[in-house]
2 protein chains.
Amino acid sequence: MSCKIEEFQQEQKKRMRAVQDSMDVLNGKWKISIISSICCYGKRRFSDILNDVEGVSNRMLSKELKELEINQLVKRTVLDTQPITVQYELTEHGNTLQTIISNLTDWGIVHRKKIVGK
Amino acid sequence: MSCKIEEFQQEQKKRMRAVQDSMDVLNGKWKISIISSICCYGKRRFSDILNDVEGVSNRMLSKELKELEINQLVKRTVLDTQPITVQYELTEHGNTLQTIISNLTDWGIVHRKKIVGK
DNA sequence: CTGAATCCAGATGGATACTG
DNA sequence: CAGTATCCATCTGGATTCAG
């Protein structure tokens, strides 16, 4: 038997687990920026992203791209060029992040004004 | 003089910086869960949050709450009880995160189904 | 060009004990 | 109750070098 409060708390636990799931995927110093870069251009090569995301090293870029690929947010395609280039694009599932990224962008702008002070 | 492409790229850089700003605030293993807990109950005491957020230690909770306070997302109030209790609540600014948290929750549920498989 | 491998300093975070 | 302090293992991430 469960009373209303218990149900409510169960609900809340579920919600927190869900947010946590999202953050597990999105955490990592560069992940959101990487997604943002790819998303913005549609398709993007390794070296391009390396340029877009200020401060990231190839080591980290490689690592985080791999994680994004494992989580099925990003699709990796090797192009048969000389030398080889690799193209990254968002999967359908990755594209569902657009709303979140857009919201984070808007919030970030407001927040900066709030903290840094106009 | 700047051509369209340059303008576009400048815009994109700004967007990425904004997302990065948001993530700087929200990064940290527990931050979102903490906010989610406080947000859900309106006001919440230290020990309550410690219970809500599964796995967090008092050391980490203390640290991340302090960071949230610095970023003006959370307001800390010492209650004159015996023994002393401390109440945390979201600031007006902190409340503007609700949309994002809500989005992250929804996305997290979908994502789990996608990855873990139903 | 796109990474992987190695090395290494510094940050992160858990466990535990302690204070007002 | 609400933290703080300390110790310590692990993780993170930069720099550099190397390979296909």
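Letters A, B, ... are given to chains in the order of the sequence lines, protein chains preceding strands, and every chain is numbered from 1.
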Whole Å only: how far is the [atom1] atom of [X] from the [atom2] atom of [N]?
X      : N       : atom1 : atom2 : answer
E67(A) : dT12(D) : CD    : P     : 8 Å
N27(A) : dT12(C) : CG    : C1'   : 13 Å
D80(A) : dT2(C)  : CG    : C1'   : 15 Å
L61(A) : dG13(D) : CG    : P     : 13 Å
N51(A) : dT2(C)  : CG    : P     : 10 Å
I34(A) : dG13(D) : CD1   : C1'   : 13 Å
I49(A) : dG3(C)  : CD1   : P     : 9 Å
Q87(B) : dA2(D)  : CD    : P     : 10 Å

- Query: Just by distance, with hydrogens left out, do E92(B) and N95(B) show a side-chain donor and acceptor under 3.5 Å apart?
  - Reply: no
- Note on the structure: Heavy-atom contacts, protein to nucleotides 13-20 of chain C, under 4.0 Å, summarised as B (base), S (sugar-phosphate only) or - (none) per nt, yield BBB-----
Has [X] got a side-chain N or O lying under 4.0 Å from the OP1 or OP2 atom of [N]?
X      : N      : answer
S62(A) : dA4(C) : yes
S47(B) : dA2(D) : yes
Y88(A) : dG3(C) : yes

- Parallel, tilted or perpendicular: which describes the rings of H111(B) and H93(A), with under 30° parallel and over 60° perpendicular?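 It falls in the parallel class, under 30°.
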- Starting at CG of L26(B), measure out to CG of L68(B) and round the result to the nearest 0.5 Å.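 Those atoms lie 8.0 Å apart.
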- Does a side-chain heavy-atom distance below 4.5 Å link N58(A) with F46(A)? yes
- What residue pairs, at least two apart or across chains, pass side chain to side chain donor-acceptor pair (under 3.5 Å) with a residue in residues 20-30 of chain A? Q20(A)-S33(B), D21(A)-R112(B)
- Query: Sub-3.5 Å donor-acceptor pair from the side chain of Q9(A) to the main-chain atoms of D52(B), do we have one?
  - Reply: no
- Item | Any residue meeting side-chain contact (heavy atoms from CB on, under 4.5 Å) with N51(B), in chain and number order, not counting sequence neighbours |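 Counting only residues at least two positions away or on another chain, N51(B) forms no side-chain contact (heavy atoms from CB on, under 4.5 Å).
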